[in-house]
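A quick write-up on the structure given underneath.
Side chains are part of it too, since the values below use all heavy atoms of this structure and drop only hydrogens, waters and symmetry mates.
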Amino acid sequence: MKSFVLCAVSAALSVLAPFALAAPAGPSPGNDDCLACHDDAQLTATDGRSIAVAAKMFADSVHGPMACTDCHADL
């Protein structure tokens, strides 16, 4: 019985260990972090499309009160 319990505990720990050892996620970048690059009118993606965001226009729009990461959650 004792070996069964040890085996069960060992199995449970081996399954749960990767989750316990995962590094905690850092804080999401703030809008100022994003706009440090994206406020450049010349900024383009690798396919050539513009990925620029005019900071003043963004702030004055309906999106102004939002964080970039509210929609761009992959960051």
Side-chain angles (χ1 to χ4, degrees):
M1 180 67 172
K2 184 177 179 180
S3 63
F4 173 77
V5 171
L6 289 175
C7 185
V9 169
S10 177
L13 289 176
S14 68
V15 169
L16 297 175
F19 298 104
L21 300 176
S28 296
N31 285 4
D32 289 340
D33 297 318
C34 297
L35 291 170
C37 294
H38 286 278
D39 193 29
D40 176 358
Q42 304 303 312
L43 190 65
T44 59
T46 56
D47 63 5
R49 65 189 164 82
S50 175
I51 54 174
V53 177
K56 173 123 176 66
M57 188 180 293
F58 176 82
D60 293 343
S61 76
V62 296
H63 300 104
M66 300 174 69
C68 297
T69 55
D70 288 346
C71 293
H72 298 277
D74 58 329
L75 303 173

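Side-chain atoms of N31 come within 3.5 Å of backbone atoms of M66 as a donor-acceptor pair (strictly under, hydrogens ignored). In this structure a side-chain-to-backbone donor-acceptor pair under 3.5 Å is present from D70 to A67.
Applying the salt bridge (Lys or Arg N to Asp or Glu O under 4.0 Å) rule to pairs touching residues 45-66 yields D47-R49, K56-D60, sequence neighbours excluded.
Put simply, SG on C68 and NE2 on H38 are 8.0 Å apart, with the number rounded to the nearest 0.5 Å. Note that the SG atom of C71 and the NE2 atom of H63 stand 6.5 Å from one another [nearest 0.5 Å].
Other members of the hydrophobic cluster containing I51, listed by chain and number, are L43; membership follows side-chain contacts under 4.5 Å among ILVMFWY residues, whether direct or relayed. Under a 4.5 Å side-chain heavy-atom criterion applied to ILVMFWY residues, the cluster that includes V62 comprises that residue alone.
The shortest non-hydrogen separation linking D39 to A55 is OD1-N, 2.9 Å. Counting all heavy atoms, side chain and backbone alike, A52 lies closest to A41 at CB-CA, 3.8 Å. Closest approach of L35 to V53, counting heavy atoms only: CD2-O, 3.8 Å.
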